[in-house]
Amino acid sequence: MIEIILSALKSIINKIANIVITKFFNKLSQKDSFPQSLTLIPNPKSNFIGRKKELKYIEDKLKENNVLLIKGIGGIGKSTLVLHYLKIHKKKFNHYGYIPVFNDIKTNMVSALNKLNPQGKNIDEKFQNALMKLQELKGEKLLIIDDIRNVENQKDAIDKLLWLLPSNWKLLLTSRESIEDINQYELNKLSLEEARELFIQHSGIKTNKKDEKINAILNTILKYLGFKTDNKDKINDILEYLDRHTLFIELTAKSLKKNKKLTLDELLNMFKKGELPAVKTSRKENFNDYLRQRFKLDGLDEEQILLLKKLSLMPSIEIPYETLESFFDMENLGWLLDELRDKGWLTGDRNNYKIHQIIKEFILNNHTPTYKETKDLIDNINNLLKNSADPQTAVDNRDNIVYFESVASALLQKDIVSEDIAKFFLNLANIYSGLGEYEKALPLYKKALEIRKEKLGEEHPNIAIIYNNLAVLYKAMGKYEEALPLYEKALEIRKEKLGEEHPITALTYNNIAELYKAMGKYKKALPLYKKALEIQKEKLGEKHPNTATTYYNLAFCYSNLKKYQEAYNYMKKAVEIWQESLPTSHPKLTKAQVDLKFIKEKLK
């Protein structure tokens, strides 16, 4: 009985062994050898960071469609991503290859696949022979074609590459450009967490998780109190300025590590001044060398280049088409935007467009727009801000201020000047001043003054406007001593160019008097108010509201000098005029009536 059972078991074991061996040899026959590379494969980075979502997406899409394009701007990490994908998945494939496109697909593919020894009289025949030999290979296969340029000129090669798909090939392509009829994945910036990890890895900055928790609490308190926070916030500011661009995060971090004198604060300051291209990566190289290596305008026509120049003045954010249309007078704007996006110079969806900060830096520093090339933009902005002294203009343009700021910053950095640009600086300074953002307004007023002095001369009435506005700004900042000489310069020009009796000259007398009043120097204010009053009565009339305001100011000064009779006489006139011209509940009138009653009590 035992012998029968043993014999049966032996028979079962033999059958199982035969099945296993058969399957093994069948598999082996399908698989020419263990996974083998058909080309040289660059060593992938051992310290690859993040991109888990992207790697999963590639895996899923290649299973679904067998072909996928990874699209993104230069230096964003396309090559690193696909090489890492190959590293972690190559055991799934019987054959795989990696072909970097230095010139054109056909030439580089024939060269890279030298193991297959492609035959032919010319490059086209060799390319087709290489494809035939790839089709004959058995098993699962992956081919990566990296960094395809000038897609329009490579359509024939791309179409023929798709012949491989029925032969169990998977194609993973990368390019800055879109490729028609091929599914694409837009590779965007790293997450902030990934970008920080990459920066810290290459900069050598040491972190301690326990310290980070303590610092996080302290930073919250310091931020609330308005103080500067620690290195973590500085690193985040640097990463956001770089728009989390992979290559330039690495370059910035390595520069920080190599240059012992370079600090996070100095880096931030350089970025704010538009000096990113000047950051040194070695004794002889700087960031701009890398920008020129990564980006070239080959393949773009004149209109596309012109639009890129205009866009380099705009902020690196997604901008609606309607907004760009309101700024740029270009007949084919929509077509040009889509073309630049398809070529990888812009990102965004159907109705929104963004120029990456790194591309913006490249254009501004290597293809700086001229005044003529920016004139439509400046004219359209000035038209929006033509009533910049009116607070309502700031309210109406609150969504546009981010664009105005970016344009002004670029124009200042590259020193692009004209009278229209001076007008833009003045208008934007007025907006800032009206919003109480005096520190932002100050450099714009100064630059407008500098340009207008050069273009119009020292004595032009438009120069007086800027002197006056600068004085108003300094007064609002409490810097009275700096405001006074500016008011006096404005008065000098207006007396000379407009005449002693002009209403604007009267207004300037009034402004200087107001300044003295704010300083508590009432005796100095009185003759200036009286001079303004004399002109206003002559030019505007006794009953004009501005005349009433000057009467009120004279009364205020006399009251503070305890000369109540003179104060009463002027205040009474102000009240009488406002009673005729203002509603009974108007704050000016009710205030003047209260003040008149107070002065009257003092006379008793």
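Computation of the quantities below employed the complete heavy-atom set of this structure, encompassing side-chain atoms and omitting hydrogens, waters and symmetry-equivalent molecules.
- The minimum heavy-atom distance between A408 and L428, with the atom names listed, is CB-CD2, 3.7 Å.
- Nearest heavy-atom pair across N468 and A490 is N-CB, 4.1 Å.
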Take S409 and Q413 through the test side chain to side chain donor-acceptor pair (under 3.5 Å) and record every step on the way to the result. CA-CA 6 Å; S409 175; Q413 285 171 21; 3.0 Å; yes
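- A donor-acceptor pair under 3.5 Å links the side-chain atoms of K296 to the main chain of R292, judged by distance alone.
- Under the 30°/60° scheme for interplanar angles, the aromatic rings of F287 and F248 are found to stand perpendicular.
- Heavy atoms only, all atoms of each residue included: R294 and R176 are closest at O-NH1, 2.6 Å.
- Of the candidates R494, K539, K531, K531 is the only one forming a salt bridge (Lys or Arg N to Asp or Glu O under 4.0 Å) with E500.
- A side-chain donor-acceptor contact under 3.5 Å links K78 to the backbone of I73.
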Take K354 and D243 through the salt bridge (charged side-chain N to carboxylate O under 4.0 Å, His left out) test and state the conclusion after the steps. CA-CA 11 Å; K354 174 183 174 180; D243 208 3; 2.8 Å; yes
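- A cation-pi arrangement is found for K517 relative to F556, the charged atom lying closer than 6.0 Å to the ring centre and inside a 45° cone about the ring normal.
- Although no hydrogens or angles enter the test, the distance criterion places a donor-acceptor pair under 3.5 Å between the side chain of T590 and the main chain of H586.
- Under the 30°/60° scheme for interplanar angles, the aromatic rings of Y552 and W578 are found to be tilted.
- Nearest heavy atoms, D289 versus N286: OD2-N, 2.9 Å.
- Taking the charged nitrogens against the carboxylate oxygens, E193 and R196 have no contact shorter than 4.0 Å, which rules out a salt bridge.
- The two residues N150 and E177 come nearest to each other via the heavy atoms N-OE2, 2.9 Å.
- With 3.5 Å as the limit, one finds a donor-acceptor pair spanning the side chains of N397 and N400.
- Judged purely by atom type and a 3.5 angstrom limit, S255 uses its side chain to pair as donor or acceptor with the backbone of K280.
- A 4.5 Å side-chain heavy-atom check between M477 and E439 finds at least one atom pair inside the cut-off.
- E186 places a side-chain heavy atom less than 4.5 Å from the side chain of N188.
- The aromatic rings of Y570 and Y558 lie parallel to each other, with less than 30° between the two planes, well short of the 60° mark.
- Looking at heavy atoms from C-beta onward, Y474 lies out of side-chain contact with Y438 at the 4.5 angstrom threshold.
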Determine whether D420 and K423 satisfy the following criterion, salt bridge (charged side-chain N to carboxylate O under 4.0 Å, His left out), listing intermediate values before the conclusion. CA-CA 5 Å; D420 291 335; K423 183 180 178 183; over 6 Å; no
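- A donor-acceptor contact shorter than 3.5 Å links the side chain of T246 to the backbone of I76.
- Here K309 pairs with E373 in a salt bridge; the nearest charged N to carboxylate O distance falls below 4.0 Å.
- Taking a cutoff of 4.0 Å between a charged side-chain nitrogen and a carboxylate oxygen, E240 and R244 qualify as a salt bridge.
- Using a 4.0 Å cut-off between charged nitrogen and carboxylate oxygen, E405 and K440 count as a salt-bridge pair.
- A donor-acceptor pair under 3.5 Å links the side-chain atoms of K360 to the main chain of M314, judged by distance alone.
- To the nearest 0.5 Å, the span separating OG1 on T508 from NZ on K489 amounts to 15.0 Å.
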Walk me through whether L377 and K310 qualify under side-chain contact (heavy atoms from CB on, under 4.5 Å). CA-CA 8 Å; L377 173 61; K310 293 177 188 290; 5.6 Å; no
